[in-house]
Amino acid sequence: MEQHDIFHPDSTVSPAAERLRYILGEDDDLPTPTLFTEMDTLQHDGDDMEWKESARWVKFEEKVEEGGERWSKPHVSTLTLHSLFELRTCIQTGSVLLDLEGYSLPEIVGESDGLIGPELREKVSFVLLRKHRHQHKKPMHRSLADMGKSNNCPLKNKFMKKIPRDAEASNVLIGEVDFLDKPFVAFVRLAQATTLGGLTEVPVPTRFLFVLLGPHGKGKSYNEIGRAIATLMVDDLFSDVAYKARDRDDLIAGIDEFLDEVIVLPPGEWDPKIRIEPPKKVPSADMRKSVLNLNELGQVNGMVGGAGGGEDEEMPAPHELGEELQFTGRFCGGLWLDIKRKVPWILSDFSQGFHIQSISAVLFIYLGCITNAITFGGLLGDATDNYQGVMESFLGTALAGTVFCLLGGQPLIILSSTGPILIFEKLLYEFSLGYSLDYMELRLWIGLHSCLQCLILVATDASYIIKYITRFTEEGFSSLISFIFISDAIKKMVGSFKYYPINRGFKPDYVTSYKCECIAPDQGEPFSSSPSSFSSTSSPSSFYTFYSPSSFYCLDWSQLSKKECVKYGGALLGNTCKYVPDLALMSFILFFGTYSMTVSLKKFKTSRYFPTKLRKLISDFSIFMSIMTFVGLDMLVGLDTPKLIVPTEFKPTRPDRGWLVMPFGKNPWWVYVASAVPALLVTILIFMDQQISAVIVNRKENKLKKGCGYHLDLFWVGILMAVCSFLGLPWYVAATVISIAHIDSLKMESESSAPGEQPQFLGVREQRLTGILVFVLNGVSIFLAPVLQYIPMPVLYGVFLYMGVASLAGIQFWERIKLYLMPAKHQPDFSFLRHVPLRRVHLFTLVQIICLAVLWILKSTVAAIIFPVMILGLMVVRKMMDLMFSQHDLAWLDDILPEKDKKKEKGGKKKKDNKKTKAAETESDEEVRDED
């Protein structure tokens, strides 16, 4: 085997690597097909022989279990180093036939007759043409998940779904025979992939054949060599080499590269019988290929600092938000580019929405939006004396959300009202009352000025500032919103214990003495309200006579209900008069049950139970199934839990206002101009809320393909502010948590994957249909009131809790907080822990926690109105952290600010130029010496 001379400074690349770089560097438009590899072993039964399938590979190895009735679980192939060296020897000394013409197995065997002597040719051909028996047989007793599946026709074999359509096969034939004194080895690559009858268990054309026949006594060694070549054939890099190899040396170079990457496990520290589970994420071979192309083969392992774990780690990419936030310097330049970027996707924005996954997303987000609209509308009604209430909240949500999802730059964003807007509305209403101004007219002019200011920001490409928002600011903002969702859900749940307290003083043994009576208005209290005062004796007179000018009637007060007693002026006496069933306890069951069931069902797609499609369907509809389950439980129990209350009439909440606000006539003229000042605060609020939420939605981790639209989004938010102001509706901006939930409900994963390979995240179903349907349903909810009234509010609080907790997933800040509670030896193997000292990680996290605490305190007071300014403050804090942390540490824990990146590039160019200059000077000096 050719190896690097590690003691010689100039030997950076081996000859094998040079050869591979030349092979793989050739231009070839056709991608290499995926290889399915099957290994058959020769079985003897007296004089009879047959080939029996013993293992197969698509990406991971599956063995036929000894009982012969099932396949093993897919697992990572564990090979002995000796078997790889023996394989190398087999290729080096055996027969290699490349681009052999053959369209049937007998023809191929006939073409290879020259590989052996005439005395053995007929015997070898006889063995190779024996019948192949595959592992199609199903066990008699099968699981319910396998019932109804075909067990005869290979064409209908579900295994075919795991193999890509363009796949080709490589067949490995291993056997012991008594007519050979030394092994016979042949590696064959056919010129064209050909279906060779029953050679392969699935109808996939064969491109490669590897044959190893040898004398008896070394069956285990032959089997290990067969597993070694089979494993290499499904390796992405070696399969490329196998397709493009020109001769034997190219194949050996491929084996050498594979050996360079092999990691040896000490035999005394692990059990070879243990099957290694496939990893959740398989590293790509692109890194190995690119390194070969970059003449850096010797640096494949440990790309940055040689961190353990076998990962090829690179320094995190600089903070880039793409061309969407490039400053154009032209009037509306960014807006025009956003429109050009979005126009080509118009048709797919609707067609891609027609999928069953969209149904679950619509139901989930609709229930979140309607709950938010009702909660916000109720609080807004209290703050503005019902000038804006639940009805206005419903209509505004429907109007603004539908227009934005139809015409906005990022339709995955969900619009909603926020806490700072609520506080601003409350202060504005109080200001209007204090100075005798008309609230709705003043609000209209603030909305118009804010709309104009937003349009100015759009025209001047002001969204450019967003490129300075790094992970530090994003995670601080999104964590705050997530914690708000979680705390609000818990607060509402705890509040039910106040309104419906648990009856701790109830004593079942005294149930016969508990009583509540309705007493006529002219009677005093007949007895004490303590439990011991109750007896089974008859109560005082329960009859009271009413006289009226027109009629005389008598009421039996003891027969009146609680509501009727209060209605007619009676008094309720007795210690059970305030008794209610344990609604708080039932509400908690509904609340926590909805949350926990949703979490469990969401993870069900990785369960071992039921077929894959059913598991995925259950996972997609987890929220809907949880809601329906606990709505049914509530109806079954029959307790009067608090229900969702939806307006049933289409009219303004306040009777003395209409649907259109007039701009003139109620306030002095100077108000129309002065309102630009508070409008500036609203504009900052809208701008920061909208754009930070958009940055979080457009993260590269979400793999969005249709581009962003920061300028276009802000344009429509500004226009909708003016429209909502004229109609007297609330103002709307991007809702971070609900938008993240929308994205999570539309994530796509690969359907076709190799056995044992985890489905790969492909991206998000980018379309406009789900958002439009969500907001249209919000608009027609007044007509759905008879159905929605059965949904208990605690169930929706459970949905809110799930949204808040789920949005914390994947936030590095949250993972770093948990590190405080973990001993070092139990901490997860995060990449940043490999490159940044733990004390520096904790310090960075502590700064974020302090910032989050300050934001939390601000949002809980009247100062929440300056919340957007504090978000800008986070950017200032992040800038100051450049003085506390090195750029190396910040690159792993956060993002490098754009100007730092530019300085880095300039510094790198200067260094390169200096190196080039020095190299040139050195070369010229050497030339002078040679001439001398």
Side-chain angles (χ1 to χ4, degrees), residues 320-346 349 399-413 415 418 420-421 424 443-469 473 663 672-698 704 706-727 729 731-734 768 868-869 871-872 875 898-899:
E320 296 179 359
L321 291 174
E323 61 177 7
E324 297 89 351
L325 291 177
Q326 298 299 322
F327 184 73
T328 64
R330 301 191 304 272
F331 178 77
C332 292
L335 177 63
W336 174 243
L337 290 177
D338 281 353
I339 295 172
K340 286 177 64 178
R341 193 179 299 113
K342 288 296 174 181
V343 166
W345 302 103
I346 289 177
D349 278 349
L399 173 65
T402 302
V403 171
F404 185 85
C405 288
L406 187 63
L407 303 173
Q410 182 48 274
L412 295 175
I413 291 175
L415 295 190
T418 60
I421 289 179
F424 180 85
R443 183 180 179 277
L444 168 62
W445 279 97
I446 292 175
L448 292 177
H449 280 292
S450 184
C451 170
L452 178 61
Q453 291 165 4
C454 285
L455 295 181
I456 292 173
L457 292 176
V458 171
T460 56
D461 289 354
S463 295
Y464 170 77
I465 192 178
I466 301 301
K467 72 187 303 180
Y468 294 98
I469 295 178
T473 307
Y672 309 144
V673 180
S675 56
V677 177
L680 182 61
L681 185 60
V682 175
T683 302
I684 296 174
L685 187 155
I686 294 293
F687 179 83
M688 297 305 297
D689 243 8
Q690 174 67 37
Q691 301 298 52
I692 293 180
S693 297
V695 167
I696 293 171
V697 167
N698 294 320
L704 303 182
K706 297 184 179 180
C708 313
Y710 294 97
H711 310 282
L712 185 58
D713 287 345
L714 187 60
F715 172 82
W716 282 112
V717 168
I719 294 295
L720 288 168
M721 280 197 69
V723 174
C724 290
S725 299
F726 269 111
L727 296 175
L729 306 177
W731 295 322
Y732 292 90
V733 71
R768 299 178 183 270
V869 180
I871 296 297
L872 288 173
M875 298 170 65
E899 64 269 20

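As the structure is a computational prediction, the values presented were derived from the model and not from experiment.
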Task: Minimum heavy-atom distance between Ala679 and His449, given as atom pair plus value - done: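 Smallest heavy-atom distance, with atoms named: CB-CB, 3.5 Å.
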- [ ] Kindly give the heavy-atom pair with the smallest separation between Val458 and Phe715, and that separation in Å.
- [x]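 Nearest heavy atoms, Val458 then Phe715: CG2-N, 3.6 Å.
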Task: Qualifying residues under side-chain contact (heavy atoms from CB on, under 4.5 Å), relative to Leu727, sequence neighbours excluded - done: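 So Leu727 forms a side-chain contact (heavy atoms from CB on, under 4.5 Å) with Leu399, Leu660, Val723, Leu729.
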With no hydrogens and no angle check, is any side-chain donor or acceptor of [X] less than 3.5 Å from a backbone partner on [Y]?
X: Gln690; Y: Ala734; value: yes
X: Arg768; Y: Asp349; value: no
X: Asn698; Y: Cys708; value: no
X: Lys342; Y: Leu337; value: no
X: His711; Y: Ala459; value: no
X: Asp713; Y: Gln410; value: yes

Task: Polar side chain donor-acceptor pair, Trp731 to Ser450, under 3.5 angstrom - done: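 Side-chain D/A pair, Trp731 to Ser450: absent.
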Open item on the list: Going by side chain to side chain contact (heavy atoms under 4.5 Å, CB included), Val733 matches just one of Val682, Ile413, Ile686, Leu720. Which one?
Closed with: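 Of the listed residues Val682, Ile413, Ile686, Leu720, the side chain to side chain contact (heavy atoms under 4.5 Å, CB included) partner of Val733 is Ile686.
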Open item on the list: How long is the straight-line distance from CE of Met721 back to CD of Gln453, given to the nearest 0.5 Å?
Closed with: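 Separation between the atoms: 9.0 Å.
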TODO: Would you sort out whether Leu704 and Leu412 count as a side chain to side chain contact (heavy atoms under 4.5 Å, CB included), showing the intermediate values?
DONE: CA-CA 10 Å; Leu704 303 182; Leu412 295 175; 4.0 Å; yes
- [ ] Establish, yes or no, whether a centroid distance under 6.0 Å links the rings of Trp716 and Phe404.
- [x]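 Ring centres of Phe404 and Trp716 not closer than 6.0 Å.
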